[in-house]
Colleague: 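Once you've had a glance at the structure underneath, I'll fire off some questions.
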Number of protein chains: 2
Amino acid sequence: MASRAGRAPGVTIGDVATAAQVSRSTVSRAFTRPQLLSQETVKHVRAVAMRLGYVGNQAARALSTGRFGNIAVVVPDIANPFFPPLVRSLQLAAETADLAVFLGDSDESAEREAKLIARLAPQVEGFVLASPRLSEKLIRELAATRPTVLVNRDLDGIPRVLIDSSGGMTEAVLLLKKLGHQRLAYLAGPRDSWSDQQRREALTQTSAKAGLTVEIVEVGRPTYAAGRDSVSAVVRSGATAAIAFDDVVSQGVLAGLEVRGISVPTDFSLVGCDDTLAALTTPALTSVSAGAATAGTAAAKLLVNLLEAVEPSADCVTIATHLVTRATTAAAPKSTF
Amino acid sequence: MASRAGRAPGVTIGDVATAAQVSRSTVSRAFTRPQLLSQETVKHVRAVAMRLGYVGNQAARALSTGRFGNIAVVVPDIANPFFPPLVRSLQLAAETADLAVFLGDSDESAEREAKLIARLAPQVEGFVLASPRLSEKLIRELAATRPTVLVNRDLDGIPRVLIDSSGGMTEAVLLLKKLGHQRLAYLAGPRDSWSDQQRREALTQTSAKAGLTVEIVEVGRPTYAAGRDSVSAVVRSGATAAIAFDDVVSQGVLAGLEVRGISVPTDFSLVGCDDTLAALTTPALTSVSAGAATAGTAAAKLLVNLLEAVEPSADCVTIATHLVTRATTAAAPKSTF
DNA sequence: CTGAAAGCGCTAACAT
DNA sequence: ATGTTAGCGCTTTCAG
């Protein structure tokens, strides 16, 4: 009741109303719909509110309006360098729309993702799910309840931003072919990752068309260590060039190759994806660009539209990729090792 | 009123009460204070709630109790690789205490940091400020209002977790001396960064004691480009080894050195800080470990204590660092270039 | 052990 | 243009 412990200290709308000699509704309106009030009243109320240090109580507002002013972004692993720029630009864009953002890290687990979403759902207006590991069914259920935008997951009818790696992938394969490589390895990412499926497909199709052989090496969770440890399989395959699911794996491969005395790009060509680490590294990695930041902004815009607009806006934004050629690709060695 | 638009759909406590044939208070108690109820009732109510998919409405709870179940972590730049592991472990730990976490990215600006905090304050129970750029005054004001934990900022009386780089720094200097270097360069970070001040001090003191000269090169915002562009100054200084404010800068330096044909570690030794990229890179960087993840967990614990405990707990947690020697340090070249 | 009822701070119909 | 009033969904005293 009135005297409950733990209540955050704060000036209420009632205090302001009393001090300003107006009703509480007037104070409320002075902030939410000033058009309904006379200029004077608005100015007066606001001045008093300011003097008292009044800050609206979000919880109460939310309870009354059903709008929270919060959104949530959930990612499988914020420590994966692909996501920070995404989250960053998303939060910046959200700020413009005066939305605060919750961050959820699902630790690559569909189950934990579901829990996070359930926990967050009652206090957010919408979700951005980046590379969700959740089942299609669950995602659709969520999207039916709350405005939801997907990143790198292609579910028809649900607003989504897709980074289309096929452009960059195709360029990569073509470049490798031109350099004289004939046998490629692909260090594949997690099975339930849409990005991986897409990359796999673009890669195999282009290779087939170009008459190249491609060996698929499963690395599982895309980590540095996994990449490094996959090198033996790559070498065994007889490939002279490799494309990795992402730059982290690519770095691992670089390390594994070096240990074996195989030098890049002299003996072996290497291409990464996402361009997250690629430019920050010596030697600089050839990589397929990804524009995670662009995706973040796009996702935020999509969600804001979803929240504000009556009309559903564009429901799928595609971001193209291209190959960024740097130090790790060169002509195929004359012979295999 | 009842039929307001935009209200989020959801099962309320009333629905559960009706379905379970008990009062709303009972449902409430079944979740918040089950000791007060009979085992059976609790089980029954919970089962019904689960079946209906009931999730407590945080806003309403908050309104009633003054507790939000949310905390906020604000960082200067989530894209800086130091922070993701910190945020990640923090969010994991928060989850254990059933706290949801807001993420704020201040973009290295004290002003934006203040705005974020003001925006978030009315709906969080506490803050974790990681490497805050805010003035001491403002931080103290905040800490007086809301439980606040600092990371890498040393303000007496405010709970904080400090990563003490001096250990690793000292080791680095000593190693470089042992390798025969006599003139070091320090690529310094942002002035208002506590970490930088601390590193600067440890470095200059140890160097003085060890009889080494150290040239300080200001790089400003710690980025790859800034590091690369600082190389000319480093070379001019006549140093044969450099310690960089962090690994990102260190990578930049590596690139700049390479461009000039100076090879690491043959001609030049290089040490980074934070060990964020260092292990993921070829060549692997010697770096001062930082344990951002540990810091995140510690900060979360500190904050949870602050929220729950009556007694203030330990108010400062220090995390030690050490040098991780990898490929980029070696004996000093015979002569300067 | 359980129910009834008041009220958290705010907004939005409905008056005036 | 402003005041009155009825809740939003939940917790918690107070009765029983």
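Below, chain A is the first sequence line, B the second, and so on; all start at residue 1.
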Colleague: Ignoring hydrogens and angles, tell me if any N or O in the side chain of Thr18(A) forms a donor-acceptor pair with the backbone of Val16(A) under 3.5 Å.
Modeller: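 No; zero donor-acceptor contacts below 3.5 Å.
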Colleague: Within the pair Ser23(B) and dG3(C), is there a side-chain N or O less than 4.0 Å away from OP1 or OP2?
Modeller: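 Result: yes.
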Colleague: If you check every side-chain atom of Val22(B), which of dC8(C), dT2(D), dG3(C) has the closest atom?
Modeller: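 Closest nucleotide among those given: dG3(C).
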Colleague: Would you mind reading off the distance between Arg61(B) atom CZ and dG9(C) atom P, rounded to a whole angstrom?
Modeller: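 Distance check: Arg61(B) CZ to dG9(C) P gives 18 Å.
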Colleague: Applying a 4.0 Å non-hydrogen cut-off, can you work out what Val27(B) is touching in the nucleic acid: base, sugar-phosphate, or nothing?
Modeller: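 Val27(B): no heavy atom of the nucleic acid under 4.0 Å.
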Colleague: So which nucleotide from dG9(C), dT12(D), dC1(C) ends up closest to the side chain of Ser28(B)?
Modeller: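 The answer is dT12(D).
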Colleague: So, Asp107(B) and Arg221(B), do they make that salt bridge, N to O below 4.0 Å?
Modeller: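 Salt bridge between Asp107(B) and Arg221(B), a charged N being under 4.0 Å from a carboxylate O: yes.
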Colleague: Check whether Glu125(B) reaches the backbone of Gly69(B) with its side chain - one donor and one acceptor, N or O, closer than 3.5 Å.
Modeller: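 It does hold such a pair.
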Colleague: What I want to find out is whether Arg112(B) reaches Glu95(A) closely enough, with some N-O distance under 4.0 Å, to be called a salt bridge.
Modeller: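 Result for this pair is yes, salt bridge flagged.
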Colleague: What is the distance, to the nearest angstrom, from the CG atom on Asn57(A) to the C1' atom on dC8(D)?
Modeller: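 Rounded to the whole Å, the gap is 13 Å.
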Colleague: Separation of Leu63(A) atom CG from dA6(D) atom C1', in whole Å?
Modeller: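 That distance rounds to 13 Å.
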Colleague: For the pair made of CD in Gln58(B) and P in dG9(C), what is the distance, rounded to whole Å?
Modeller: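 One finds 18 Å between P of dG9(C) and CD of Gln58(B), rounded.
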Colleague: Please report, rounded to the nearest Å, how far the C1' atom of dT12(D) is from the CG atom of Leu37(B).
Modeller: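 Distance, rounded to whole Å: 14 Å.
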Colleague: Closest-nucleotide mapping onto DNA chain C: is Gly14(A) or Gln39(B) further toward the 5' terminus? I mean the 5' end.
Modeller: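 Looking at the nearest nucleotide for each, Gln39(B) comes out on the 5' side.
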Colleague: Select one nucleotide: of dT11(D), dC10(C), dA12(C), the one nearest the side-chain heavy atoms of Thr65(B).
Modeller: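 Of the candidates, dT11(D) comes closest.
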Colleague: Could you tell me how far apart Asp15(B) (CG) and dC10(D) (C1') are, to the nearest whole angstrom?
Modeller: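 Checked: the CG to C1' distance equals 13 Å.
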Colleague: Taking the side chain of Arg29(B) as its heavy atoms from C-beta onward, which of dC10(D), dA4(C), dT2(D) lies nearest to it?
Modeller: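 Nearest listed nucleotide: dA4(C).
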Colleague: Name the closest nucleotide to the Thr41(B) side chain, picking from dC1(C), dT11(D), dG9(D).
Modeller: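 The answer is dC1(C).
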Colleague: Look at all strands and tell whether Tyr54(B) reaches a base, only sugar-phosphate, or nothing, counting heavy atoms closer than 4.0 Å.
Modeller: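 Sugar-phosphate contact only - Tyr54(B) comes under 4.0 Å of backbone atoms but never of a base.
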Colleague: Nearest heavy atom decides the nucleotide; on that basis, is Arg24(A) or Ala60(A) closer to the 5' end of DNA chain D?
Modeller: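 Upstream on the strand: Arg24(A).
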Colleague: Let's test your reading of the model: under 3.5 Å, does the base of dA4(C) pair with the side chain of Ser25(B) as donor and acceptor?
Modeller: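 Counting by modelled atom types and ignoring angles, a donor-acceptor contact under 3.5 Å is found here.
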Colleague: Rounded to whole angstroms, how far apart are CD1 on Ile13(A) and P on dG7(D)?
Modeller: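 From Ile13(A) CD1 to dG7(D) P: 19 Å.
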Colleague: Under 6.0 Å between ring centres, would you say that holds for Tyr54(A) and Phe31(A)?
Modeller: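 Yes, the ring centres sit under 6.0 Å apart.
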Colleague: Side chain of Ser38(B), base of dT2(C): donor and acceptor closer than 3.5 Å?
Modeller: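 There is none.
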Colleague: Write down the distance between CZ (Arg67(B)) and C1' (dT12(D)), rounded to a whole number of angstrom.
Modeller: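 Going from CZ in Arg67(B) over to C1' in dT12(D) covers 13 Å.
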Colleague: Check each of Val42(B), Val27(B), Val45(B) against Leu37(B) using the side-chain contact (heavy atoms from CB on, under 4.5 Å) test, and report the only one that passes.
Modeller: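 Only one of Val42(B), Val27(B), Val45(B) forms a side-chain contact (heavy atoms from CB on, under 4.5 Å) with Leu37(B), namely Val42(B).
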Colleague: Return the nearest nucleotide to the side chain of Thr26(A); candidates are dT11(C), dC10(D), dT2(D).
Modeller: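 Closest nucleotide among those given: dT2(D).
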